Student: 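Input: one structure, supplied below.
Bear in mind the structure is a predicted one, so any value in this text is a computation, not a measurement.
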Amino acid sequence: MTTLTVVRAGLFALTLVALGFVPGVSVANPPSATGNGDFMMGGELRTFSFSAIQQPNGNVAGQAEIHNRASGAVVHMDINCIVFLSQNTVVVSGTITKSNMGGVGQKGVFQAQDNGEGTNSPPDRVSLVLPGDCTATPPDLMDILHGNIQVRP
């Protein structure tokens with residue numbers, strides 16, 4: 001087999017994946033969960049933002065950031081795991097890379113739930129970040145006040 005034939009076969013395979021012709025694998029619509037918004041916890045406003053995307057090779061990449069507006073606490077995580085509990089609920093975990101309250105290098109886990117769109121849909125929900133990874137028991141969910149969560153298995 002010549003080098004040109006190998007290159008053509010590789011490009012053909014990449015085209016199939018990119019166009020979504022391989023069942024369960026698509027670069028165009030990878031499994032993912034994204035969200036941002038805010039919620040109240042103990043009378044304090046907290047703001048969150050996250051993105052977790054499963055890549056075609058199975059790895060998960062993303063970021064999460066949580067702000068406690070009252071205390072000024074900020075935590076940033078590199079996401080490396082996503083588990084779909086259902087069509088609308090995920091557990092997401094990663095490593096804390098920045099924090100003004102300690103914990104850098106530790107793993108954190110949270111749960112998020114997409115409850116649809118529109119005024120007749122119940123609020124989307126998110127949990128606090130707790131120590132652990134995707135194998136941990138997911139933290140309890142709380143309604144978000146503003147924002148949106150999208151879960152795409």
Student: Using a 3.5 Å cut-off and no angle test, enumerate the donor-acceptor pairs between side-chain atoms of residues 142-153 and protein atoms at least two apart in sequence or in another chain.
Tutor:
{"unit_1": "Asp143", "atom_1": "OD1", "unit_2": "Arg125", "atom_2": "NE", "d": "3.0"}
{"unit_1": "His146", "atom_1": "ND1", "unit_2": "Asp38", "atom_2": "OD1", "d": "3.1"}
{"unit_1": "Gln150", "atom_1": "NE2", "unit_2": "Glu117", "atom_2": "OE2", "d": "2.5"}
{"unit_1": "Arg152", "atom_1": "NH1", "unit_2": "Ser32", "atom_2": "OG", "d": "3.3"}

Student: Considering all heavy atoms of both residues, which atom of Leu141 and which atom of Ser127 are nearest to each other, and what is their separation?
Tutor: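 Between these two residues, the closest heavy atoms are CD2-N, 4.0 Å.
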Student: Please find the pair of heavy atoms, one from Arg69 and one from Thr47, that lie closest to each other, and give the distance.
Tutor: NE-OG1, 3.0 Å
Student: Compare every heavy atom of Pro139 with every heavy atom of Gln111, then report the nearest pair and how far apart it is.
Tutor: NE2-O, 2.7 Å
Student: Any chain of hydrophobic side-chain contacts (each under 4.5 Å) joining Val126 to Leu128?
Tutor: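 Hydrophobic grouping puts Val126 with Leu128.
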Student: Output the distance between atom CD (Gln87) and atom CG (Asp114), rounded to the nearest 0.5 Å.
Tutor: 10.5 Å
Student: Quick check: is Phe48 connected to Leu45 through a chain of hydrophobic side chains (ILVMFWY, heavy atoms under 4.5 Å apart)?
Tutor: no
Student: Have Gln63 and Ser51 got a donor and an acceptor in their side chains that come within less than 3.5 Å?
Tutor: no
Student: Should we say atom CG of Asn57 is surrounded by more than 12 heavy atoms from elsewhere, each under 6.0 Å from it?
Tutor: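 Counting other residues, nucleotides and ligands, CG of Asn57 exceeds 12 neighbours.
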Student: Just jot down the ring pair (Phe, Tyr, Trp, His ring centres under 6.0 Å) partners of Phe110, sequence neighbours excluded, or say none.
Tutor: Phe50
Student: May I ask whether Ile66 and Val91 are part of the same hydrophobic cluster, defined by side-chain heavy atoms of I, L, V, M, F, W, Y residues being less than 4.5 angstrom apart, directly or through others?
Tutor: no
Student: State the CG-CG distance between Asn88 and Asp124, to the nearest 0.5 angstrom.
Tutor: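 Asn88 CG to Asp124 CG: 9.0 Å, rounded to 0.5 Å.
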Student: Please report the shortest heavy-atom distance between Pro131 and Val109, naming the atom on each side.
Tutor: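 Closest pair (atom of Pro131, atom of Val109, distance): O-CG1, 4.0 Å.
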Student: Measure the spacing between OG1 of Thr95 and CG of Asp78 and express it to the nearest 0.5 Å.
Tutor: 7.0 Å
Student: Please check if the number of heavy atoms outside Asn59 that lie under 6.0 Å from its CG is greater than 12.
Tutor: yes
Student: Determine whether a donor-acceptor pair (N or O, by modelled atom type, separation under 3.5 Å) exists between the side chain of Ser93 and the backbone of Cys134.
Tutor: yes
Student: Which pair of non-hydrogen atoms, one from Ser99 and one from Val75, has the smallest distance, and what is that distance?
Tutor: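 For Ser99 and Val75, the tightest heavy-atom pair comes out as OG-CG2, 3.9 Å.
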Student: Is there a donor-acceptor pair closer than 3.5 Å between any side-chain N or O of Asn115 and the backbone N or O of Pro123?
Tutor: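 Confirmed, Asn115 side chain pairs with Pro123 backbone.
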Student: Is it true that a side-chain atom of Asn100 and a backbone atom of Gly72 form a donor plus acceptor pair closer than 3.5 Å?
Tutor: yes
Student: Hey, could you give me the SG/CG distance between Cys81 and Asp133, rounded to the nearest 0.5 Å?
Tutor: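 Here the interatomic distance stands at 7.0 Å.
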Student: Tell me if the CE atom of Met40 is crowded by more than 12 foreign heavy atoms within 6.0 Å.
Tutor: yes
Student: Under a single-linkage definition using a 4.5 Å side-chain heavy-atom cutoff for Ile, Leu, Val, Met, Phe, Trp and Tyr, are Ile96 and Val74 assigned to the same hydrophobic cluster?
Tutor: no
Student: Closest approach of Gly94 and Met77, non-hydrogen atoms and distance?
Tutor: N-CE, 3.5 Å
